[in-house]
Amino acid sequence: MQRKFRLSRSEDFKRVRLIGKSYAHPLVVLVARASETSTQIRVGIAAGKRTGTAVRRNRAKRLLREAMRPMLSSLASGWDLVLIARPALVTATLTDTRLAVKALLQRAKILSADES
């Protein structure tokens, strides 16, 4: 995922987590908040220690980044998103991850239902 599409500052993560609306799936949690400063979409990826060892957390984050990459062009602009990996994501495939992320984005009305 390109740097311009990333949430990187700790304050940004905290603001989205505190004020944003969350949507849950067995593999991943999406927290979405309308951005007040940026007109483009920004995505932050997180995996806590409950996800597993550092190797497993990094795999989960790579899966989420790759699942989001092809969808970025079809997302509504002006949103800050945080994707939080759940422990089950470590054993999921890329296809499962893409389906989970797509379902969450559609529930949040950030991705239209007819998008692939």
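Reckoned from all heavy atoms, side chains included, excluding hydrogens, waters and symmetry mates. Values in this document were obtained by computation on a predicted structure and should not be read as measured data.
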[X]: partners by side-chain contact (heavy atoms from CB on, under 4.5 Å), with sequence neighbours left out:
| X | result |
| --- | --- |
| Thr95 | Thr93, Leu99 |
| Ser10 | Lys14 |
| Ala100 | His25, Leu27, Val28 |

Results of salt bridge (charged side-chain N to carboxylate O under 4.0 Å, His left out) for Arg9 - residues two or more places apart only: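 Glu11.
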Transitive ILVMFWY cluster of Val31, excluding itself - 4.5 Å side-chain cut-off: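 Leu7, Phe13, Val16, Val29, Val82, Ile84, listed by chain and number.
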Non-hydrogen atoms of Lys61 and Ala47 that approach each other most closely: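 Looking at all heavy atoms of both residues, the shortest contact is CG-CB, 4.0 Å.
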Side chain Arg57, main chain Gly52, donor-acceptor under 3.5 Å: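 Yes; at least one donor-acceptor contact below 3.5 Å.
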Note: Arg33-Asp80 ion pair, threshold 4.0 Å (strictly below):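 Salt bridge between Arg33 and Asp80, a charged N being under 4.0 Å from a carboxylate O: no.
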Qualifying residue for side chain to side chain contact (heavy atoms under 4.5 Å, CB included) with Arg98, from Leu94, Asp96, Val101: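 Testing Arg98 for a side chain to side chain contact (heavy atoms under 4.5 Å, CB included) against Leu94, Asp96, Val101 leaves exactly one candidate, Leu94.
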Within-4.5 Å side-chain heavy-atom neighbours: Leu81 and Met68: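 Yes, close enough: below the 4.5 Å cut-off.
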Side-chain heavy atoms of Leu64 within contact of Leu89, under 4.5 Å: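 Counting from C-beta outward, Leu64 and Leu89 do come under 4.5 Å.
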side-chain hydrogen bond (donor to acceptor under 3.5 Å, both in side chains) contacts touching residues 15-24 (sequence neighbours left out):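 Sorted pair list: Asp12-Arg15.
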